[in-house]
Structures are given as C-alpha cells and as structure tokens.
Enquirer: 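The following block contains the structure, expressed as structure tokens.
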Amino acid sequence: MDEKKIDEKSEEEAKNSSNFIIDIIDGDLESGKRESIVTRFPPEPNGYLHIGHAKSICLNFGVAKQYGGRCHLRFDDTNPEKEDTEYTNSIQEDVKWLGFDWGDNLYYASDYFEKLYQFAVQMIKEGTAFVCSLSGDEVKKNRGTATGAGVESPYRNRSVEENLELFSKMRNGEFKDGEQMLRAKIDMAHPSVLLRDPVLYRIKHMDHHRKGSEWCIYPMYDFAHGFSDAIEGITHSLCTLEFEAHRPLYNWLLDAIHIEKGPQQIEFARLNLSYTVMSKRKLMQLVDENLVNGWDDPRLPTISGLRRRGYTPESIRDFADRIGVAKRDSMVDIALLEHCIREDLNRWVPRRMGVLNPLKMVVTNYNDSEVEYFDAMNNPEKESDGTRKVPFSKELWIERDDFREVAPRKWRRLAPGKEVRLRSAYYVTLTDIIKDETGEVVEIHCTYDPESKGGWTEDERKVRGTIHWVSVAHAAEVEVRLYEPLFTVENPLNTEEDKDFKEYINPESLSVVQGFVEPLIAEFKPEQRFQFERLGYFVVDKESTPEKIVINRVVSLKERFKPKN
RNA sequence: UGGGGCGUCGUCAAGCGGUAAGACAACGGGUUUUGGUCUCGUCAUCGGGGGUUCGAAUCCUCCCGCCCCAGCCA
C-alpha cells in the first residue's frame, strides 16, 4: 500500500477501549467464569461488507486482541439460497484490508453440518425436538399472536423412534421441500413467539455453495449459530440488537445439548450513518438497479466502496473506536467519518496543486517563453518530506472560484485591482478581465511582482490571499470524480410519508470534471493519494491509465469561509 | 393492548449514590505562503412526575416516547 505513511502512523493499538461489553468480560475474567477470550465475526456470505460490519469486526477482533485471545472468521452459510463464493472471497479480502488477521481460524457453519445433525438426533432422543408434518401455513396459523398463545402441533408427541426415522428420511431426501421440518419442543404458550416450538431444520433440495448436493436439509440460524459458537469455544458471542429476543432460545438450545460454560450472547447497537443506507438488501438494490456503479462504487458505505473512495483502514478503525459501543439505537453523523479520514491523510499525504474549474490567467509582464521551476513543500506538516519543482510560465490555470468581478465581504482572493499570492511563486495583481460576446469571463490578465519570487517580499507587504495554479503548458489533464452524499436526507429510511428510500437519492452525488494538475504523471498510480491544496484529498482510481488519468475526491478540505454575497 | 430492549449536549458517548468526561458538529479569538493544519475559548443538569436520601443522571415508582419480535432469512 502507501509506503509513504510508514513512520508517522501513530500506534492506535495502544489505547484499549472501554464499553459495557468490556465491563462484562472484565467481570467474567475476575470471577473466574472465563480464563481466556474467544470471539468471532460471523458474516453470512450473501453480500458485501459495509462500514456497519467494520464496527463489528473492529469490536470482535479488537476485544480478542485486548485480552490476548483470538477471533474467528466464520461464515454463517446455512441458507444455500442466498449464499455464494463470490462473497466469501470479498469478505475475506475486506477483513484483511481492514487490518485484521484470523490466523488459522477460518470456519464455515457448513463444515459443522454433520455435527449439527448429530445434535439434532440427540435432541430427538431426549425429547426436546420433533419432526412436524404441518404445512408452512398451518405452522404460521398455530403460532398464535403476540397476545394469544399458539396451539400445539398434532405431531408434537410422536415417538422418539418415529421422529428418528422421519428425520433420517428428511436427510435422505425422501420428502419434498416443506413437507416436514424439525422443531424444538418448547412451549406453544410462551410469551415470546420465538420460543413457540421454533423450526430447527428445513428441507431445501438445493445445492450449497460449498457442500454441493451433500445435504437437502439445512439448519436454521438459531440452531446453527449457537452450536457453532459452542463448537468453536467462543466465549462471547457479540451480535446486534435485533437478536436480543433470540437470546433465550440461544440459551435454551445450549442447555438442550448440555453445553457447560457455553458461549454468552451479548447484543450491541448496529451502526447507522447519516445520509446513507446500511442494510445489505438496500445496498443490493442500489447495485442491481444500477443506481450506483457496482458494490465498490465510491459513494457506497461498503468496505470496497470506501477503499475505492480513498479511505484508509486506519481511518475506519479510528472511526470505529470513536463511535463506541452501546445499546441504544443511534445515527452517527457522517461528518465524524470524514473527520477521521482528513485527520489521517493530513499527516502523511503529499500536497500538490490542481485546478478543477479552470480559468486562464495571463501574466502580462512575464516573458513569453520563460519557464521557472519553484520549490514547493510536499507537506507543511512534515518538513522531512522535502520539496518538489513546480513549473511556472506566462499562462496559468487558476480556479474560477478564486476570481470575482465584484469582491464579496472579506474576500481575499482575486478581484479587480487585488493582489494575491500564487502559492510558492509570485504575487500577482489583477489588471484586466476578458469576456466573450455573452459576457462570460474567459480570461483574466495580471501583472506579477518580480520582487515577490517564492511568494514573499522584503517589504513584508501584507497579502492575505494565496491561490493555487497550474502552468497551462505543463499541466496534465485528468478526469476528476467529485462525490457528494448519496442521499439528500439524513435518514432515507425514516421520512414523512411512506416514500421509498430511492426517491431520496442525491442526483448530484457524482459529478465528473476535467481538471488540470501538476505534471507529475509518474505519481499517478491507482491508490496513490494527494491533497490538492485548498481543495481536498484525492486518490487515483482503479480505472486510471497513463492515457486517461482518473482521480476520485476522497473528501474536501474543511471550508470555513462562506462568502456573504 | 404479549414479550424483549432503549431514552445523558445538534450527533455519538462516559458516568455504576457525592454533586454532568471526551469526541464530532457549531460559534468566536490567535498563528499561518493551503480561508487547510495547529492553537485558545464558548456550548447539557441527564424523557416527564412522584418518592427514598444529608445528597440521585445514578435507587424505587408511575407515566411518556422510540426500537426489535408472529421467514421452513440471518
């Protein structure tokens, strides 16, 4: 990756976080309930990871590291309908990119299918599970309502022998999808609907992405997840709030197969970020309907999208640390994420000059054919990064926004008669404005002060404004992709009326401009990052070629000046 | 109206009976060859009521609000 950052990276691992989960773990260690800590990140391989997953990854791997334990990467692949190897690959890539290492601890719930099957057999033998021959509709009808108890399945009291035989036939493919199911025998009157004889196994004659046609019955989440945790010796099974109601079932199942000192499920609030959406389903929709350009579209909060956008793993980990871990539903301001990437990039990224909305400036008293090379600092934050040569000549591109025919209040930039500093070069004073027939300004003329070479003068005359520029004759033309939030509202999922979230897509979330930048073509390799001074941080896109350089804006610089008119 | 959770600054989030950390955002000052960075400063009495206590955001109680649960999804 970016070899330039090495030295100055602060070692963030020094700081250990604290939250209610850490408190629980501390207590478990103190009381002797646990001797070591094992966590896991258990994605279902049915989509790409997003920054919400990053929160969970940082939490799980972070906790393990903090206690000298280990964190497993386990694919929760119990539903062949939705899962695919494409996703197991991208997920591993993303976790690695984020900077985490699961070592040898890569697991698949599907590798436990045989063990899981045996657990089911054990439960049947002990009378805590039975094969139910009701149809899906009947099961649903019998489940009861929130306020009223359900009714027991007529098959609930089948003999162990019959259950065993039926379950075996299920496995052997002697039934069609939906004809039979394995259910836990709990309590149809349980106040929590989840505990009313939940389904444990269903029949699905469908190939599994890893197991092929080996199985035609697949365990449900509740059955597979807790047992997988138990098999792997997970101590703390961290998941999001929506599984809170499942915890009694999680524990009931562990009890059913007599697991001692089993894993403990602890729930925390999932991440919501303003001006974007986080659910896999919604992201999938945006991708499938071509509302964005693939899973790694730089506007998406996917890990691959953020990577392409120019975010660093360090900045995302820092973000995860800062948002904390708690149980209340929350919506984190996207500004915090942007703060994290600015803070990181500011430290080590080289500065360059680039003009995104060019206006030609002619320095009328500068020699036609002369070219000077000025030394410009690579990074004022880090003098050791040295300087570079920037070519200067009579014709320059400057930013159109740095010129106003009528200066607003407190305007420090170019306006009639005003003197500004061209960064690292000379002071120039605006003398003439050239317009076309329509009245549009097409060019401006300035004179420079030869005494101001390098950007300062002996008389210490005060020049408040400094603007960036690029020599027309030396500039490299690049395509620059500018991004704005994907949605126009903080929470596209929760708005008045029942509008679809897609109605809030920001039509200006992507704009493409042709810009001119310093002629340092050699630097322009994908993932190379820069700060274009006064504009923001940029990264070379993966689509960039030497013939056509493509740059993404990671994030703009903070802009405190807002002209009043 | 069943069950499970949650309510501390605009946004996150500490606090665990002793008199409200920190971060982001915002606003104001200083420095500055990036109106960037840096720096200094301003910015809450804890959903509401009642109670316990010398003392409560922290304990009790009632109320209000928000989130999750009736897939053979995870």
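Throughout, protein chains are lettered first and strands after them, A, B, ... in sequence-line order, and every chain is numbered starting at 1.
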Enquirer: Taking only the side-chain nitrogens and oxygens of His468(A), find out if one of them lies under 4.0 Å from OP1 or OP2 of rU34(B).
Expert: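 Checking His468(A) against rU34(B): no side-chain N or O falls below 4.0 Å of OP1 or OP2.
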
Enquirer: Please confirm whether any donor atom in the side chain of Arg464(A) sits under 3.5 Å from an acceptor in the base of rG35(B), or the reverse.
Expert: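 No, no donor-acceptor pair under 3.5 Å.
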
Enquirer: Please report the distance separating the P of rG35(B) from the corresponding atom of rA44(B), rounded so that it comes out in whole Å.
Expert: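 Each nucleotide's P atom is 32 Å from the other's.
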
Enquirer: Which nucleotide in the list rA14(B), rG35(B), rU37(B) gets nearest to the side chain of Lys558(A)?
Expert: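 Closest of the options to the side chain of Lys558(A): rU37(B).
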
Enquirer: Report the residue (Gln531(A) or His339(A)) whose heavy-atom-nearest nucleotide on RNA chain B is the more 5′ of the two.
Expert: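 The residue whose closest nucleotide sits nearer the 5' end is His339(A).
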
Enquirer: What integer number of Å spans the P atoms of rG15(B) and rG7(B)?
Expert: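 Straight-line distance between the two P atoms is 12 Å.
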
Enquirer: For Thr78(A) and rA74(B), is the shortest distance between a side-chain N/O and OP1 or OP2 below 4.0 Å?
Expert: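 Answer is yes, contact under 4.0 Å.
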
Enquirer: Could you work out which one of rC12(B), rA74(B), rG35(B) sits closest to the side chain of Met331(A)?
Expert: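 Taking heavy atoms from C-beta onward, the closest nucleotide is rC12(B).
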
Enquirer: Short question: side chain of Asp375(A), backbone of Thr387(A) - any donor-acceptor pair under 3.5 Å?
Expert: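 No; judged by distance alone, with no hydrogens or angles, the pair does not exist.
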
Enquirer: Sub-3.5 Å donor-acceptor pair from the side chain of Glu179(A) to the main-chain atoms of Phe175(A), do we have one?
Expert: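 Side chain of Glu179(A) to backbone of Phe175(A), a donor-acceptor pair under 3.5 Å: no, none is there.
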
Enquirer: Taking the nucleotide of RNA chain B with the closest heavy atom to each, which residue, Leu557(A) or Asn19(A), is nearer the 5' end?
Expert: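 Between the two, 5'-proximity favours Asn19(A).
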
Enquirer: Nearest of rA74(B), rC24(B), rG3(B) to any side-chain atom of Ser192(A)?
Expert: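 Nearest listed nucleotide: rG3(B).
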
Enquirer: Any idea which of rG35(B), rC73(B), rC6(B) is nearest the Lys327(A) side chain?
Expert: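 Output: rC6(B).
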
Enquirer: Taking atom types as they are modelled, is there a donor-acceptor pair under 3.5 Å from the base of rG3(B) to the side chain of Glu244(A)?
Expert: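 Check fails, no donor-acceptor contact within cut-off.
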
Enquirer: Between rC72(B) and rA13(B), how far is it from one P atom to the other, in whole Å?
Expert: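 To the nearest whole Å, 33 Å.
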
Enquirer: Using the ring of Trp411(A) (Phe, Tyr or Trp, six-membered ring only), decide whether Arg404(A) places NZ or CZ under 6.0 Å from its centre and within 45 degrees of its axis.
Expert: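 The answer is yes, since Arg404(A) meets both limits relative to Trp411(A).
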
Enquirer: May I ask you to say what Arg143(A) touches in the nucleic acid, namely base, sugar-phosphate or nothing, with a heavy-atom cut-off under 4.0 Å?
Expert: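 If one applies the 4.0 Å heavy-atom cut-off, Arg143(A) turns out to touch the sugar-phosphate alone, with no base involved.
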
Enquirer: Parallel, tilted or perpendicular: which fits the ring planes of Tyr117(A) and Trp215(A), with parallel below 30° and perpendicular above 60°?
Expert: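 Geometry flag for Trp215(A) against Tyr117(A): tilted rings.
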
Enquirer: Taking rU58(B) as the reference, what is the distance to rA23(B) when you measure between their P atoms (whole Å, please)?
Expert: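 Their P atoms lie roughly 26 Å apart.
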
Enquirer: With the stacking rule set at 5.5 Å and 30°, tell me whether Tyr221(A) counts as stacking on rA74(B).
Expert: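 Here Tyr221(A) fails the 5.5 Å or the 30° condition.
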
Enquirer: Please state whether the phosphate of rU11(B), meaning OP1 or OP2, lies under 4.0 angstrom from any side-chain nitrogen or oxygen of Arg322(A).
Expert: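 Negative; the distance criterion is not met.
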
Enquirer: Please give the distance between the P atoms of rC59(B) and rU8(B) as a whole number of Å.
Expert: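 The answer is 15 Å between these two P atoms.
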
